Amino acid sequence: MYITMDVVFHEDSMYFSSESELQGEYHKKIQTLNYDYHISEENESGQSELVNQKAGELDMSGQQFRSEDVFTEIPNQSSSVEGVLNLEPDPFMKQLPHRHNRGIPKPTYEPKLSTKVKYPMSNYVSNHRLSESNKSFVNQLSTVAIPNSVQEALADPRWKAAMNEEMKSLQKNETWELVECPPGKKPVGCPWIYTVKYKADGSIERFKARLVAKGYTQTYGIDYTETFAPVAKINTVRVLLSLAANLDWPLQQFDVKNVFLHGELSEEVYMNLPPGCMVSEKQCQKVCKLKKSLYGLKQSPRAWFGRFTKSMRAFGYRQSNSNHTLFLKKQHGKITALIVYVDDMVVTGNDPKERKALQNYLSKEFEMKDLGHLKYFLGIEVSRSSEGIFLSQRKYALDLLQETGMSGCQPVNTPIEEGLKLCVEPNQVSTDKGRYQRLVGRLMYLAHTRPDLAYALSVVSQYMHNPREQHMNAVMRILRYLKNAPGKGILFAKNVNHQSIEVYTDADWAGAVDDRRSTSGYFTFVCGNLVTWKSKKQNVVACSSAEAEFRGMALGLCEALWLRLLLQDLGYLSRQPIRLFCDNKVACDIAHNPVQHDRTKHVEVDRFFIKEKLDDKIVELPKIRSEDQLADILTKAVSSQVFSKFLDKLSMCDIYAPT
């Protein structure tokens, strides 16, 4: 910890007297620092607190106090100040001015920090628009500190009890047996992971400690083989939420306790003893031979999903063709949908009896927990009202700003500077590669509810292998943009009369300075709500802007066809064709042209793909002005005025914005 002074520089005032002929010459009227000692009162523990003495305070000889002098004990008030400090009256000292900035700075975690921070976070995030239940929930998310080590957890009785509960569950399930490590076998490690589970009303449900195996140390063919297991696409989750907002479907969340412990292992896997586990001296050298899957193992997700799929099919559900983690059951003209992401499940639909029967069935098959109405899913905060469903990652954004030290930074209005073109130059200053990759990775997860970050992240993620200083500055600007509105998210409103699928596609031309490739982008809307988006650099160089736009059209159409298949599985496919908006007239003419020309033969596959869908009346290409092309912000860095105008059209809002 470094404790420094708060210094106020008076740039317009001379330190030495104007009567002095030579700067630095001794003069009786020279003004020097005033030794104004203040002794603090004793605290409850009997130790006095240092209140007004500064670290690095200068003495008359020009020498500085050592940093450790700050932590020395100061006598209490019962001692004589003159006796301790041996201060004698000195006419020279009486001329010293009073310092206004004397005193130790307050710790950064004190509430009164906002009076000193130039850009306090309270100016950019608030919860006054939330209902009482939602307000209680979001406040609870930040009240508990997660321990960073086993020692910290064991010092807290709540986390220690959670660790004991986890160990009892593992023993009850007969997850492992203690054996001697066979020669040639290398056991994997197992750290503890801590989290807090919340109830639907925002109150703390329980403290959760999870023992996780270090699966990244496993070797293919020795202790694992097949590992693939599907997880829910966030795009599918957004589509379900959009339908739920339009059709007033309830959203119920379930959690499976110790989900990976239900899978059976077919390989031999050895693991070290859990950290903090008390064993006898004879067993200290033994290892755990796993009999069932454990969190962190490479094959654990596959083993669990296979078991869960078998149970769901036995209850009459089928997997969707567009997403294998989506299970559907239709009966009597009603539908029930369940989507699973490892152990987190969301159930919705218009059949309340089937939802109740499904809950009872899963509770018998697995140890389930009913978390009530959907409030928090995969780090996404879900708020529902009469206007619709609002998604944001407010807590995730605030934690990211806090961890990167950007909580007090000056905010900006756009995530990337207008007209900025990043590139690789040989003489640029390099930066910390690991830190750059971690920041970009965390920001990419934040983009699940922030389409406004899509283009900026698409640009900075192209330099993960060798980032430079200007690339890190671009990442820091994204964090400064987050400070402007940490709670911004997307709103799924009720649009009952809006059932068609709409796609806005756009592309720049040769925008990348390094290889002159173009960038494609698209926004897709279901029931009038934004559900998917992408900003991606094209794989080949386009010879014209029309070719770049044409490739962007094909990319957006592929996404729209997947949405069409998903809605067909859900039974809510509109008979209206997909509306594909492209502001490039030449690209639209090529799509409608029945004749193949030599100048378009290099995009022949894309042309036939779009032409086939046009002939089948699956898609149509209505005209749109460039000023109304929403996907423009996915292909280039625009001004703050244009950026904010398009965000309003995308139904992005911030319910946490202060008044």
Side-chain angles (χ1 to χ4, degrees), residues 228-254 305-306 308-342 344-355 357-359 361-362 374 377-378 389 391 448 492 495-496 498-503 522 524-534 556-580 609 612-613 616-619:
F228 174 76
V231 294
K233 297 179 182 178
I234 301 298
N235 293 347
T236 307
V237 175
R238 287 195 293 261
V239 172
L240 281 179
L241 294 180
S242 179
L243 285 177
N246 277 272
L247 302 173
D248 289 326
W249 287 355
L251 293 167
Q252 198 168 4
Q253 186 176 8
F254 299 103
F305 189 77
F308 181 75
T309 302
K310 182 179 179 181
S311 299
M312 291 297 293
R313 287 178 176 175
F315 198 61
Y317 281 75
R318 67 174 184 85
Q319 290 176 275
S320 171
N321 295 326
S322 57
N323 191 340
H324 285 184
T325 61
L326 177 63
F327 295 86
L328 305 171
K329 186 175 184 179
K330 299 177 183 179
Q331 58 182 3
H332 310 299
K334 297 182 179 181
I335 186 172
T336 304
L338 180 146
I339 191 165
V340 57
Y341 192 103
V342 189
D344 290 317
M345 305 176 189
V346 177
V347 180
T348 185
N350 56 359
D351 193 346
K353 293 183 179 180
E354 176 59 29
R355 291 199 309 270
L358 176 62
Q359 179 181 355
Y361 172 75
L362 292 177
L374 182 63
F377 184 70
L378 305 179
I389 300 175
L391 304 183
H448 287 325
F492 295 142
N495 302 303
V496 181
H498 202 149
Q499 300 293 336
S500 62
I501 300 175
E502 295 181 348
V503 187
Y522 65 77
T524 60
F525 292 79
V526 172
C527 299
N529 296 318
L530 176 63
V531 291
T532 66
W533 54 85
K534 178 177 285 189
L557 182 56
C558 289
E559 183 72 8
L561 292 176
W562 173 79
L563 288 174
R564 187 173 183 270
L565 178 61
L566 177 60
L567 293 177
Q568 185 176 358
D569 285 342
L570 292 170
Y572 286 90
L573 178 62
S574 174
R575 297 181 179 179
Q576 302 177 11
I578 299 171
R579 306 185 69 193
L580 183 63
F609 171 63
E612 180 183 83
K613 305 305 176 185
D616 294 340
K617 305 298 182 181
I618 296 177
V619 65

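Everything numeric here is computed off the predicted structure, so don't read it as measured data.
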Item to complete: Take L563 and V503, measure what side-chain contact (heavy atoms from CB on, under 4.5 Å) needs, and give me the verdict at the end.
Response: CA-CA 11 Å; L563 288 174; V503 187; over 6 Å; no
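- Using the six-membered ring where Trp is involved, Y317 and F315 have ring planes that are parallel, under 30° apart on the 30 and 60° scheme.
- For the atom pair NE2 of H324 and CZ of R318, the computed distance is 10.5 Å after rounding to the nearest 0.5 Å.
- Between K329 and E354 there is a salt bridge, since at least one side-chain N of the basic residue sits less than 4.0 Å from a carboxylate O of the acidic one.
- Here the shortest heavy-atom pairing between L530 and F492 reads O-CE2, 3.1 Å.
- In this structure, N323 and N235 have side chains that are not in contact, with every pair of non-hydrogen atoms separated by 4.5 Å or more.
- Closest approach of Q576 to S500, counting heavy atoms only: OE1-CB, 3.2 Å.
- For the atom pair CG (L358) and OG1 (T336), the distance works out to 7.5 Å, reported to the nearest 0.5 Å.
- Using a 4.5 Å heavy-atom cutoff, the side chains of S311 and Y361 are in contact.
- I335 has its side chain out of reach of D351: every pair of non-hydrogen atoms, C-beta onward, lies at least 4.5 Å apart.
- For the side chain to side chain contact (heavy atoms under 4.5 Å, CB included) criterion with I339, the lone passing option out of L328, V346, T348 is V346.
- When all heavy atoms of Q359 and Q252 are compared, the closest pair comes out as OE1-NE2, 3.7 Å.
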Discussion item. side-chain contact (heavy atoms from CB on, under 4.5 Å), that's the test. Do L557 and Y522 meet it? Break it down for me.
Written reply: CA-CA 9 Å; L557 182 56; Y522 65 77; over 6 Å; no
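- Side chain of R238 to backbone of H448: a donor-acceptor contact under 3.5 angstrom is found.
- To the nearest 0.5 Å, atoms CG (L580) and CD (E502) are separated by 11.0 Å.
- Note that CG of L243 and OH of Y572 are 8.0 Å apart. Values are rounded to the nearest 0.5 Å.
- At a threshold of 4.5 Å between non-hydrogen side-chain atoms, the residues N495 and N246 count as touching.
- Here the shortest heavy-atom pairing between F305 and P230 reads CE2-CG, 3.5 Å.
- Side-chain contact between L338 and L362: present, with at least one pair of heavy atoms (C-beta onward) separated by less than 4.5 Å.
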Worksheet item: Please walk me through it: do L374 and L241 pass side-chain contact (heavy atoms from CB on, under 4.5 Å)?
Response: CA-CA 10 Å; L374 182 63; L241 294 180; 4.0 Å; yes
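- For the side chain to side chain donor-acceptor pair (under 3.5 Å) with S320, the qualifying choice from T236, T325, D569 is D569, the only one to do so.
- Expressed to the nearest 0.5 Å, how far OG of S242 lies from CG of L567 amounts to 8.5 Å.
- Side-chain contact between L240 and L251 is absent, with no heavy atoms from C-beta onward closer than 4.5 Å.
- Between R564 and I501 there is a side-chain heavy-atom pair separated by less than 4.5 Å.
- With rounding to the nearest 0.5 angstrom, the NZ atom of K334 is 9.5 Å from the CZ atom of R355.
- Residues T524 and V526 have side chains not in contact (no heavy-atom distance under 4.5 Å, counting atoms from C-beta outward).
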